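Remember, predicted model here, so these are calculated numbers, not experimental data.
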Amino acid sequence: MKFLNGIFKTLAISTPLFMALPNIGSAQSASSQRSITPSDWSRYVNVDELSALMEQVPDIQIIDIRAEKYMPKGSIPGAIWMSFPNWQGPADRAGRMLTEAELETMIGSIGIDPDLPVVIHNQSGHIVQTGRAAIVYWVLKSAGFQNIAILEDGFKAWQAADLPTVDEPTILPATLVDLELQTDWWADPMDIFAVASGQIDGAILDARLDGQVRKSMETGEPLVSMPMAQYVPSSWFTNDLDADNLSAEAVQEFRERLEGRGLHLDDEMLISICQTGELSAVSWFYASEIVGIENVRYYPDALKGWSRDGGIMFGMDMSAGR
């Protein structure tokens with residue numbers, strides 16, 4: 001708690017978002033700021049791109065979701081810290097989506113402006129850490145934020161590039177925010193039931209990794225999942241698409257690969273699931289935000305919540321992932 005105590009002692013001294021950055025600050029005129037529109041905003045950036053954005057867009061907001069144990073390593077200048085568990089709901093129901101009021105309170109407490117661009121980062125590019133960044137991305141998108149991005153490979157890549165760091169994250173004054181929660185990218189149990197029972201056209205995609213499948217084969221224990229779930233691991237997305245390979249050609253090739261597995265990308269609901277939520281968030285992020293599939297949804301309760309609530313589990317259809 002020593003680190004946290006040091007942060008909260010500084011609450012009375014509000015730090016401008018980019019005070020620590022050279023040539024960037026509140027004295028810079030509005031005319032010198034780059035205008036960001038959805039058409040030219042990248043949803044997945046590497047450290048060089050983020051560094052350039054920090055120069056070009058002085059009001060960009062960086063959200064650091066790392067665990068407290070990583071904070072002594074330093075922070076990206078201007079980054080605002082709110083660790084990942086805060087974005088997941090109560091400890092006894094970690095997969096539950098925060099309510100509109102809860103989101104307004106939390107986002108307001110760290111001074112984030114929904115009208116300004118946001119880049120989210122975790123500690124590294126490990127797929128689970130990327131998944132946690134994708135969950136925060138999904139939360140912010142559902143809360144109405146427009147220009148959001150994930151930093152590829154996180155703070156570790158920033159350090160490896162020898163880019164500047166500061167000792168502590170930025171603390172902004174709390175503010176009031178008015179959000180309108182959208183559920184367009186959110187699957188609930190009724191959606192699962194409707195797809196599994198054939199009431200609506202769709203597919204349930206299990207994003208767990210190849211290693212979990214191999215373990216199932218080695219032990220002889222069947223890999224169970226939701227009714228009618230298909231195996232489409234999140235590694236498919238991360239292996240084929242990264243921040244340096246998001247060309248239209250690469251995206252189109254990936255769409256064709258998914259369609260080759262019998263998925264109808266433009267006329268059915270695709271629901272991304274996994275055991276605890278991180279891997280399915282990666283798949284949702286790539287499918288929705290990179291590949292551009294409109295009706296793909298994320299199931300925040302994940303299989304852990306589905307089982308806890310008495311949801312029926314079946315042996316998984318492995319054909320889609322082979």
Side-chain angles (χ1 to χ4, degrees), residues 88 94-97 126-135 137-138 185-241 254-265 268-291 293-322:
Q88 270 206 301
R96 179 180 68 78
M97 177 67 172
H126 187 281
I127 195 165
V128 171
Q129 296 214 10
T130 301
R132 290 173 180 171
I135 289 172
Y137 182 110
W138 174 80
W185 308 280
W186 180 9
D188 61 24
M190 293 305 296
D191 293 320
I192 299 289
F193 176 76
V195 170
S197 63
Q199 294 183 36
I200 63 173
D201 292 332
I204 299 170
L205 309 182
D206 193 312
R208 285 178 288 180
L209 297 178
D210 295 336
Q212 293 166 298
V213 176
R214 287 195 298 271
K215 182 178 179 181
S216 172
M217 296 175 66
E218 290 169 359
T219 61
E221 297 180 3
L223 193 65
V224 296
S225 188
M226 290 182 182
M228 305 302 291
Q230 302 177 41
Y231 174 52
V232 181
S234 53
S235 56
W236 269 30
F237 294 89
T238 57
N239 290 343
D240 286 8
L241 299 168
F254 194 83
R255 286 180 64 93
E256 292 171 358
R257 184 180 181 191
L258 289 175
E259 289 168 346
R261 296 296 181 178
L263 299 175
H264 304 286
L265 304 185
E268 66 179 5
M269 180 186 293
L270 303 180
I271 300 176
S272 183
I273 64 167
C274 72
Q275 186 64 35
T276 57
E278 291 91 346
L279 301 179
S280 52
V282 169
S283 291
W284 171 84
F285 171 74
Y286 275 93
S288 173
E289 307 303 285
I290 304 300
V291 181
I293 304 171
E294 292 188 4
N295 200 20
V296 59
R297 302 189 178 202
Y298 170 66
Y299 184 67
D301 260 354
L303 285 168
K304 186 176 181 180
W306 175 263
S307 299
R308 181 182 54 223
D309 292 340
I312 300 173
M313 303 284 278
F314 292 90
M316 185 167 59
D317 176 8
M318 305 297 295
S319 59
R322 293 182 184 272

- Please indicate whether E259 has more than 12 foreign heavy atoms, meaning atoms of other residues, nucleotides or ligands, lying under 6.0 Å from its CD. yes
- Rounded distance [0.5 Å steps], CH2 in W236 versus CG in L209: 13.5 Å
- Note on the structure: One should read off an interatomic distance between S307 OG and M226 CE, to the nearest 0.5 angstrom, of 8.0 Å
- Should H264 and D201 count as side-chain neighbours, where that means a heavy-atom distance under 4.5 Å? no
- Would you check if the side chain of W185 reaches a backbone N or O of W138 as a donor-acceptor pair within less than 3.5 Å? no
- Task: Rounded to the nearest 0.5 Å, what's the gap from CG on L265 to CZ on R255? Could you check?
- Result: 5.0 Å
- Message: Can you list everything that forms a salt bridge (Lys or Arg N to Asp or Glu O under 4.0 Å) with E278? Sequence neighbours excluded, please.
- Response: R132
- Closest non-hydrogen atom pair between V195 and I204, with its separation: CG1-CG1, 3.9 Å
- Query: Which distance, rounded to the nearest 0.5 Å, do you find between the CH2 of W284 and the CD1 of I290?
  - Reply: 10.0 Å
- Kindly indicate whether the side chain of D309, heavy atoms from C-beta on, has any atom under 4.5 Å from the side chain of P189. no
- Identify the heavy atoms of I273 and I192 that sit nearest to each other, and give their distance. CG2-CD1, 4.5 Å
- Item | Min side-chain heavy-atom separation L263-Q230 under 4.5 Å | yes
- Message: Show, in sequence, the C-alpha distance, side-chain angles and deciding distance for I127 and S234, and conclude whether the side-chain contact (heavy atoms from CB on, under 4.5 Å) test is met.
- Response: CA-CA 9 Å; I127 195 165; S234 53; 3.4 Å; yes
- Item | Minimum heavy-atom distance A134-A281, with the two atoms named | CB-O, 3.5 Å
- Query: Out of curiosity, D206 CG to Q275 CD, how far, rounded to the nearest 0.5 Å?
  - Reply: 8.5 Å
- Task: State, yes or no, whether a side-chain contact exists between Y299 and D191 at a heavy-atom distance under 4.5 Å.
- Result: no
- Task: Report the residue from S225, S280, C274 that forms a side-chain contact (heavy atoms from CB on, under 4.5 Å) with L303.
- Result: S225
- Any donor and acceptor pair, going by atom type alone, linking the side chain of W306 with main-chain N or O of I312 inside 3.5 Å? yes
- Message: Determine whether I135 and Y298 satisfy the following criterion, side-chain contact (heavy atoms from CB on, under 4.5 Å), listing intermediate values before the conclusion.
- Response: CA-CA 9 Å; I135 289 172; Y298 170 66; 3.5 Å; yes
- Roughly how far, to the nearest 0.5 Å, is the CD atom of E294 from the CG atom of L270? 12.0 Å
- Are any non-hydrogen side-chain atoms of L258 and I293 less than 4.5 angstrom apart? yes
- Item | Check: M228 and F314 side chains under 4.5 Å, non-hydrogen atoms | no
- Task: Quick one: closest heavy-atom pair of R208 and V224, and the distance?
- Result: NH2-O, 2.7 Å
